[in-house]
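Being a predicted model, the structure only gives us computed values, none of them experimental. Chain A is the first sequence line, chain B the second, and so forth, proteins listed ahead of strands; every chain is numbered from 1. Quick note: numbers below take in every heavy atom, side chains included, and nothing from hydrogens, waters or symmetry partners.
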Amino acid sequence: MGFKKRTHNCGELNISAIGKIVTLNGWVSRIRDLGGLYFIDLRDRYGITQLKINPDKKDVYDTSLKLRNECVISATGKVIKRESINRNIPTGEIEIDVDELQILNEADVLPFNVEEDVKASEELRLKYRYLDLRRRAMTKNLLIRNDVYFIVHDYYRRHNFVEVETPILMKSTPEGARDYLVPSRIHHGKFYALPQSPQTYKQILMVAGLDRYVQICKCFRDEDLRADRQPEFTQIDVEMSFVTQEDIFELSEGLFKEIWKKILNVDIKIPFNRFTYDEVINKYGTDKPDLRIKNDLTIKNLTDIFKNSNFNIFKSAIESNGFIAGIKLKTKEYKIEITRKIIDNYTEFVKKSGVGGLVYIKSDETGKLNSPILKYLSEEELKLISDLYEVQNGDVIFIVIGEKNKVLLSLGLLRNKIAEDFNLIDENDYEFVWITDFPLFKFNEEEMKFEGEHHPFTSPKDEHLSLLDSQDRKSLESIRAVCYDLVLNGNEIGSGSMRIYKPEIQRKVFKIIGLSEDEAEKKFGFLTEAFKYGAPPHGGIAFGFDRIIAILCGLKSIKDVIAFPKTVSATSLMDDCPNYVDERQLKELGIKIEKKK
RNA sequence: GGAGCCGUAGUUCAGUUUGGUUAGAACGCCUGACUGUCACUCAGGAGGUCGCGAGUUCGAGUCUCGUCGGUUCCGCCA
């Protein structure tokens, strides 16, 4: 079973090696058989080197005829200059004149061709993941991921952070996402949960005096998947003592500056932009705005302008506490034409968000305004709108009427859609932005109770502490938290907060989200207990590692930066999991399976 | 839980609108030719449970219903 070991890899030989006898190991990437001359592209992680086989060398030639794509071989020979040079690859000036050829392993006919411009469906690529990962593009993603691991570890170490592993088997805390559960064999009927995040542990490490904690860790959430959401994902988890939000921002900005410089050689400007939650919701209709989108398209409130409107739809909307707002699209300098069909399409689009519909006001070439509702609008109203939007010839204003939240949501989505439809996004731009001052609580209309917007350990802003004692919904909803998200190009890539470290505040928050003292004690008693014995002021943040890598790689889906991802139904096609287990295993755990009706 | 799209040769797709002869193409595979290719070229060949199951029909890849899988989005994701 011996084989001739490589002396070099497939990406490193060049003209300076001419004359050397070398051995290469790798996969047959492509064969070009010219009859009297036989070429093999040999591939490994490092690159591709061309092997040349001359029919005069009968043994070698006969062996080569048995080769198929993706066979693993060992080839030995002299490095020679090519007669015709390939400028597309680093090794393109040389080739190996093969004297010895060993087939280390044959390959069956492949389920799909391993080629850079992959044509196989994602389903096949997932099933034969090892073949997909042989593609340069996929290998590259894993290598970038690897480089970022290193940068992160190095960066935090330089800043005095300690990496601590936290348990994978932990206590279930049903607030927030659904837990993945692990049954206990020793304690029938009891379960561990996989961490949604190591939140409680990292806070306790602060109580323990570790001062600065970091971990690149796996988190698990049993919720439905998306292109940017996997059931298990990786997080850069950070917690710090004796700090304020500003310290965390500064340290995080330094990290991203370093990653972007080292990976992309891009200088991002710090400090990042900041908006409060209320600002972005009103301006962009979302808490994760894509600031690459220029062309105005920011939301402006028109409710006041129309407060005395004679137009029935506006009038009745305002009377029933409704909201009117719109966004302006500049068409002229972007060479956009807004047709009737597009407007119909956008009308349908906004309706999905639960608003009545879309009206538009269009300024034509000469500056004359057109709109289906023009005759209902007064000169004064038109003037106010023109001034507010600084309307120029060719501009179109899209207006939505309805309930405030839905109007903002629909315009936010419309903004993204317009940007996508008309290519208003610069793909080489990186717009980082901090979103601060999130509400502490969110009212759940269905269950008629308050929930934590972030998690129940998030600290209210000092100036809102007194509001924790109020009873009315409005006051409670107005409480803002020292809680922040980091948004990049419309993706939430990080989220964190300053934590509550005083037991009496924690008690009040638990009470508001409907946790009785008894329940709070059962679920989080260990944490509040820990806080009794000297808890430092602390806070932290966690970054979505997979999303960051995807953006660095220019990808929309995080699947391509995860070696073995799950499908949208949370299965792994390669190893066919989840799957049934032996009756014996179930018995050991004291579990009986109820048949699905 | 809901909605959209997709499922035809080993692979990627066409064919489904308007049901009708032997289901086509490219890549891959097999055979042969070829001494400078690099997506080699050329000639020939093999290869199909049209995802699965019912139904409508004289006749279903094509229409209907169900189901399974993939994917995108909504709900969900402290």
A/R226 (side chain) and B/rG75 (base): donor-acceptor pair under 3.5 Å = yes
For A/R68, answer base if it contacts any base atom (sugar-phosphate contacts may also be present), sugar-phosphate if it contacts only those atoms, and nothing otherwise; contact means non-hydrogen atoms under 4.0 Å.
-> sugar-phosphate
Closest approach to the side chain of [X], judged atom by atom: which nucleotide of [options] is it?
{"X": "A/N86", "options": "B/rG36, B/rC38, B/rU11", "result": "B/rC38"}
{"X": "A/T567", "options": "B/rU71, B/rC73, B/rC40", "result": "B/rU71"}
{"X": "A/N69", "options": "B/rC40, B/rC29, B/rU71", "result": "B/rC29"}
{"X": "A/K559", "options": "B/rU71, B/rU11, B/rG75", "result": "B/rU71"}
{"X": "A/V568", "options": "B/rC38, B/rU71, B/rG70", "result": "B/rU71"}
{"X": "A/R30", "options": "B/rG1, B/rU35, B/rA39", "result": "B/rA39"}

Please, which pairs that meet side-chain hydrogen bond (donor to acceptor under 3.5 Å, both in side chains) have at least one residue in residues 403-423 of chain A, sequence neighbours excluded?
-> A/Y346-A/D421
Phosphate contact (B/rC38 OP1 or OP2) by A/S84 side-chain N/O below 4.0 Å | no
For A/L181, what residues pass the side-chain contact (heavy atoms from CB on, under 4.5 Å) criterion, not counting sequence neighbours?
-> A/S172, A/D179, A/F191, A/A193
Which nucleotide, in any strand shown, forms a Watson-Crick or G-U wobble pair with [N], with both distances under 3.5 Å?
{"N": "B/rG59", "value": "none"}
{"N": "B/rG66", "value": "B/rC52"}
{"N": "B/rA3", "value": "B/rU72"}
{"N": "B/rU41", "value": "B/rA33"}

The residue, A/G92 or A/Q196, whose nearest nucleotide of RNA chain B is more 5′ is A/G92
First encountered from the 5' end of RNA chain B, between A/N113 and A/G36 = A/N113
Inspect the contact between A/D99 and A/K57 and indicate whether a charged nitrogen and a carboxylate oxygen are less than 4.0 angstrom apart.
-> yes
Is A/F39 stacked on the base of B/rU37, with ring centres under 5.5 Å apart and planes under 30° apart?
-> yes
Proximity to RNA chain B (any heavy atom under 4.0 Å), residues of residues 43-66 of chain A only = A/Q50, A/K52
